[in-house]
Amino acid sequence: LWADVGVSALTVAFAAACAGLVLGRMEQARAAHAQNQTMQLLQALVDNTSDAVFAKDANGRYLLFNGAAARVADMHPEQVLGHTDQSLFPALYASIRERDLSVMQLKQPQTFEETLDTPTGMRTFLTTKGPLHGPQGVFGLFGVARDITGTVQTRAQLERSELRFRLAASGGDVWDWDIAAGKAVSQSSFWQRLGFEAPADDEAIEWLTMVLHSDDRDLWQRALRAHF
């Protein structure tokens, strides 16, 4: 009888242990599945966002470089991962590294505008960088950069329009000079006061140079050379 009771108790204990082990394994599997789903979701967000997303270790080596960032840099992510800005973007390295160190030392996110020379021309980005924390402290940083070039250009156009309005309201003459194109848009009233008809936009600067007094012309040309 005692033997039967002992065997029965042992069987029950063994079954309970097996059940606990199975339940534990099932819970681990559920946790792993949930973690895997989270990682897949995070990867999908990083891969499909139009913002450039990247991460670096404490030494500046890239750990993550998404497709949007690769398009801005005109490089494949494989060309970037494991490398630093010193080898990838040597002209910008000093300023980038200074900002990265500041983020990691202060242990706080920072948001700023930066203008970069990209394969598609000069682009302005609104960039947020923040520290990456681990069990031993800060081990790197992450970054998210959004292209705001269009917004910046619109803002500059509004500022120029406001300046033109103030000048016109004060009775001043307003000029728009596109130096790259060699064209200047001026008010006809300016030329009328000088006794001339308003020239074509691509001839305005040449005409202005001719009508200036020789002393003023030299000063004006020196000022232009000093400015540009």
Side-chain angles (χ1 to χ4, degrees), residues 12-120 122-152:
V12 171
F14 178 73
C18 287
L21 180 61
V22 170
L23 289 174
R25 294 283 177 84
M26 291 176 63
E27 186 61 32
Q28 290 177 354
R30 281 195 293 268
H33 179 68
Q35 184 178 22
N36 185 52
Q37 283 188 319
T38 300
M39 292 302 296
Q40 288 179 347
L41 176 60
L42 177 60
Q43 190 64 50
L45 289 172
V46 169
D47 288 341
N48 292 288
T49 181
S50 58
D51 294 339
V53 179
F54 55 89
K56 308 176 191 177
D57 66 16
N59 294 316
R61 289 187 294 265
Y62 279 93
L63 306 172
L64 172 69
F65 205 74
N66 76 339
R71 287 189 291 275
V72 170
D74 194 26
M75 297 180 181
H76 292 292
E78 293 76 12
Q79 296 175 277
V80 176
L81 297 178
H83 296 278
T84 70
D85 293 303
Q86 188 169 19
S87 60
L88 296 169
F89 316 109
L92 302 171
Y93 172 70
S95 60
I96 293 175
R97 186 59 179 164
E98 181 181 6
R99 182 82 68 175
D100 290 353
L101 290 174
S102 174
V103 168
M104 290 187 289
Q105 290 168 0
L106 295 176
K107 300 180 181 180
Q108 293 180 349
Q110 297 181 16
T111 300
F112 50 92
E113 287 187 14
E114 57 182 352
T115 300
L116 304 177
D117 189 2
T118 74
T120 59
M122 301 301 294
R123 311 293 297 178
T124 301
F125 296 87
L126 183 64
T127 302
T128 296
K129 291 183 177 181
L132 291 172
H133 295 274
Q136 305 302 320
V138 175
F139 68 90
L141 63 97
F142 71 88
V144 180
R146 172 163 294 182
D147 190 337
I148 59 168
T149 305
T151 301
V152 171

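Side chains are part of it too, since the values below use all heavy atoms of this structure and drop only hydrogens, waters and symmetry mates. These figures come from a predicted structure and were not determined experimentally.
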Option passing side chain to side chain contact (heavy atoms under 4.5 Å, CB included) with F112 (candidates T128, L126, T127):
T127

Heavy atoms, side chains only, cut-off 4.5 Å: are K56 and I96 in contact?
yes

Would you check if E114 and L92 make a side-chain contact, meaning some heavy-atom pair closer than 4.5 Å?
no

Just wondering, do V80 and L88 contact through their side chains at under 4.5 Å, heavy atoms?
yes

Take a 6.0 Å sphere around NE2 of H133 and say whether it holds more than 12 heavy atoms from other residues, nucleotides or ligands.
yes

State, yes or no, whether a side-chain contact exists between V72 and F125 at a heavy-atom distance under 4.5 Å.
yes

Any non-hydrogen side-chain atom of I148 less than 4.5 Å from a side-chain atom of E113?
yes

D85 side chain reached by D100 side chain, heavy atoms, under 4.5 Å
yes

What are the two closest heavy atoms between F65 and A73, and how far apart are they?
CZ-CB, 4.1 Å

State, yes or no, whether a side-chain contact exists between L64 and F54 at a heavy-atom distance under 4.5 Å.
no

Which value, rounded to the nearest 0.5 Å, describes the distance between F89 atom CZ and S95 atom OG?
11.5 Å

Hey, could you give me the CD/CG distance between Q110 and L141, rounded to the nearest 0.5 Å?
10.0 Å

Between CZ on residue R97 and CD on residue Q86, distance to nearest 0.5 Å:
9.5 Å

Side chain T149, main chain T124, donor-acceptor under 3.5 Å
yes

Quick check: does any side chain N or O of N66 sit under 3.5 Å from a backbone N or O of V53, one acting as donor and the other as acceptor?
yes

State, to 0.1 Å, how close A68 and S50 come at their nearest heavy-atom pair, and which atoms those are.
CB-O, 3.6 Å

Taking side chain as C-beta onward, heavy atoms only, is F139 less than 4.5 Å from D57?
no

Heavy-atom neighbours of R123 CZ exceed 12 at 6.0 Å:
yes

